[in-house]
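Heads up, the thing below is written out as structure tokens.
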Protein chains: 2
Amino acid sequence: MTSGDSVPRRGRRRRRPSGDDRERAILATAERLLAERAVHDISIDDLAKGAGISRPTFYFYFPSKEAVILTLLDRVAEEVRRRPARAGERVSEDLAEIHTTFRVHAPVMFAVAQIVGESEEAGKLWGEILEEFVAGVTAAIESELERGAALEGIAPRSLAIALVWMLERVLHTSLAGQQPALGLDDALDIVLGVWSRAIYGNDTFGG
Amino acid sequence: MTSGDSVPRRGRRRRRPSGDDRERAILATAERLLAERAVHDISIDDLAKGAGISRPTFYFYFPSKEAVILTLLDRVAEEVRRRPARAGERVSEDLAEIHTTFRVHAPVMFAVAQIVGESEEAGKLWGEILEEFVAGVTAAIESELERGAALEGIAPRSLAIALVWMLERVLHTSLAGQQPALGLDDALDIVLGVWSRAIYGNDTFGG
DNA sequence: TATTTAGTCAACGGCACGTCGATACACATC
DNA sequence: GATGTGTATCGACGTGCCGTTGACTAAATA
């Protein structure tokens with residue numbers, strides 16, 4: 001809409017480096033504040049003040065608060081994409097990986113969960129991250145099917161989608177304490193058990 | 001906080017009837033608007049105008065927009081609670097029931113999902129509704145365990161929590177088109193399959 | 001030196017919010 | 001009929017945050 005730049009940019013993500021420390025300061029401030037309050041209790045002025053700049057100057061770096069969070073999420077996305085593609089890996093490794101991603105970036109995740117309802121783009125990006133996991137789990141299930149270890153009857157991708165969303169919700173509620181929730185300590189084991197049953201029909205990962 | 005009434009009220013939920021048509025008009029307007037736009041694109045003025053009153057008058061009936069949505073959700077909650085408690089029912093019936101609730105009240109559900117991040121009380125009430133379902137599924141699993149049809153090894157309630165949240169997310173993403181999602185037509189079958197495997201270890205509901 | 005370009009912010013206008021105070025009306029009580 | 005009490009209504013106000021404009025500085029570049 002307001003685009004007349006020579007350098008095409010897509011909403012978030014700045015054009016040139018240099019005053020680049022400021023940008024980092026804003027992101028750092030956002031991360032710090034998100035660890036202590038909800039998105040909606042953080043104003044653009046808070047982010048600006050935290051980065052040592054005025055509110056109008058904030059807009060020089062980001063078009064909105066949402067854009068800041070999306071940039072934070074972008075980092076997570078790249079971290080996820082950068083992970084080695086281990087073909088035929090055990091599904092339990094996928095699960096552990098998702099779990100780790102969640103715990104390490106919990107504040108960002110919560111923020112994203114809060115703006116997903118308001119922001120088209122947030123939902124899209126979050127979906128892309130989960131898509132990575134779905135792809136991994138799908139591949140693992142297919143490999144187990146060929147081995148003859150997994151149950152036939154449900155399309156691997158469909159199964160993977162259901163399992164990944166289950167994990168997402170269980171971890172989210174467990175970390176957020178949103179009832180009904182599993183305990184932080186049990187959550188992973190329980191989900192692992194359900195995954196095993198859903199893929200192999202038993203609690204021993206087909207073994 | 002602002003309570004000095006003889007009749008104790010808890011935020012939402014009006015004190016006396018009479019100008020009660022107005023209250024209904026506000027709720028009806030909210031439901032209508034929620035079917036066409038997101039919560040954040042609906043202002044209090046929109047609700048007031050839709051109900052044929054001014055904005056200040058809106059506050060005579062509800063303390064906030066959130067309160068309106070919570071009242072809408074309250075209705076759903078009562079509908080869910082009013083359902084007959086059929087002990088030992090098949091889990092597939094629980095599933096079908098949750099599915100129905102979702103589809104019928106989809107706009108309200110989406111609205112709730114959007115404000116859950118902002119409103120403590122919304123999360124609580126939504127949790128209570130899911131808790132109803134969790135209780136039902138837990139009972140069904142326990143009954144199947146006694147019958148010897150279900151797999152041992154995962155606490156029934158923990159399993160129920162994981163399964164209900166999975167269903168919640170799958171239905172939500174499927175209805176909202178939030179990727180990665182299952183198709184609207186497949187969703188129920190897939191989830192049913194996963195539930196069967198997670199409880200019985202096979203695709204035939206233990207039979 | 002002149003010109004551009006990155007970076008900065010005071011000040012403005014706007015929108016939605018929540019509140020206050022005045023009012024109007026019904027109905028009971030004196 | 002006067003007077004009160006509680007319900008219902010809204011105009012008008014102050015506030016907070018938002019996003020933009022326009023003018024400014026400082027540094028790079030011609």
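Order of the sequence lines sets the chain letters (A, B, ...), proteins ahead of strands, with each chain counted from 1.
If you take OH of A:Tyr59 and P of C:dG13, they are 18 Å apart, rounded to a whole angstrom. In this structure, A:Lys65 places its NZ atom 10 Å from P of D:dC17, rounding to the nearest Å. In this structure, the CD1 atom of B:Ile44 is 15 Å from the P atom of D:dC10, given to the nearest Å. We find that CD of B:Glu66 is positioned 10 Å from P of C:dG18, with the value rounded to whole Å. The CZ atom of B:Arg55 sits 14 Å away from the P atom of C:dC20 (whole-angstrom rounding). As a whole-Å value, the separation of B:Ile53 CD1 from D:dT7 C1' is 14 Å. The distance between atom CD of A:Glu23 and atom P of C:dT8, rounded to the nearest whole Å, is 12 Å. Rounded to whole Å, atom P of C:dC17 lies 12 Å from atom CD of B:Glu118.
Remark: A:Tyr61 is in phosphate contact with C:dT8, judged by side-chain N or O atoms under 4.0 Å from OP1 or OP2. Contact annotation: A:Thr57 does not reach the phosphate of C:dG7 (side-chain N/O to OP1 or OP2, under 4.0 Å).
Here the options are B:Leu163, B:Val164, B:Leu171, the test is side-chain contact (heavy atoms from CB on, under 4.5 Å), and the partner is B:Leu167; only B:Leu171 passes.
In summary, A:Arg24 and A:Asp21 engage in a salt bridge, as defined by a charged side-chain N under 4.0 Å from a carboxylate O. Looking at B:Arg75 and B:Glu31, a side-chain N of the basic residue comes within less than 4.0 Å of a carboxylate O on the acidic one, giving a salt bridge.
In this structure, B:Ser54 reaches the bases: a heavy-atom distance under 4.0 Å links it to at least one base atom across the strands shown.
Without hydrogens or angle criteria, B:Asp74 side chain to B:Thr71 main chain gives no donor-acceptor distance under 3.5 Å.
When each of C:dC17, D:dT9, C:dT8 is scored by its nearest atom to the side-chain atoms of B:Arg22, the top-ranked nucleotide is D:dT9.
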